[in-house]
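See structure below.
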Amino acid sequence: MTDTNPGAITSEVVTHLASLARIALTADEIEKLTGELGAIVDSVAKVSEVATDDVPATSHPIPLSNVFRADVPGVTLTTEQALAGAPEHDGSRFAVSAILGEEQ
């Protein structure tokens, strides 16, 4: 790189990164990615300038907390109710056809 900014994204850098990732890029794609990656690097640099030690890092701007409900058993179906709409059952369980190589 001959750029005065050692972290600058150039077409050579994009070509090198593409070869490391084994991605074939056209000249147009390299040109487009050079601009896009350069904008990303510039944006990260701006955020880094603003971030100070007295500002704690956060993953979300609003404090979040999980809301749990009590795990209390409620009204459940009886075995007969659960099996009422089943195409096949043996009186206490659903019956299903085998699917792994067994013909019925």
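For reference, positions follow the sequence shown, starting with 1. Just the heavy atoms: all of them, side chains too, but no hydrogens, waters or symmetry mates, feed the values below.
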(request) Work out which heavy atom in Val13 is nearest to a heavy atom in Ala8; give both atom names and the distance. (result) CG2-O, 4.0 Å
(message) Quick check for you: to the nearest 0.5 Å, what is the distance between Ile23 atom CD1 and Ile30 atom CD1?
(response) 11.0 Å
(request) List the atom of Val41, the atom of Ile9, and the distance in Å for their closest heavy-atom pair. (result) CG2-CG1, 3.8 Å
(request) Output the distance between atom CD (Glu88) and atom CZ (Arg93), rounded to the nearest 0.5 Å. (result) 13.5 Å
(request) Quick one: pull up OG in Ser11 and CG in Leu25 and give me the separation to the nearest 0.5 Å. (result) 11.5 Å
(message) Please find the pair of heavy atoms, one from Gly91 and one from Thr79, that lie closest to each other, and give the distance.
(response) O-CG2, 3.9 Å
(message) Here's a test for you: under side-chain contact (heavy atoms from CB on, under 4.5 Å), which of Asp28, Thr15, Val14 qualifies with Leu33?
(response) Val14
(request) Measure the spacing between OG1 of Thr34 and CD of Glu12 and express it to the nearest 0.5 Å. (result) 8.0 Å
(request) Determine whether more than 12 heavy atoms belonging to other residues, nucleotides or ligands lie under 6.0 Å from atom CD of Glu29. (result) yes
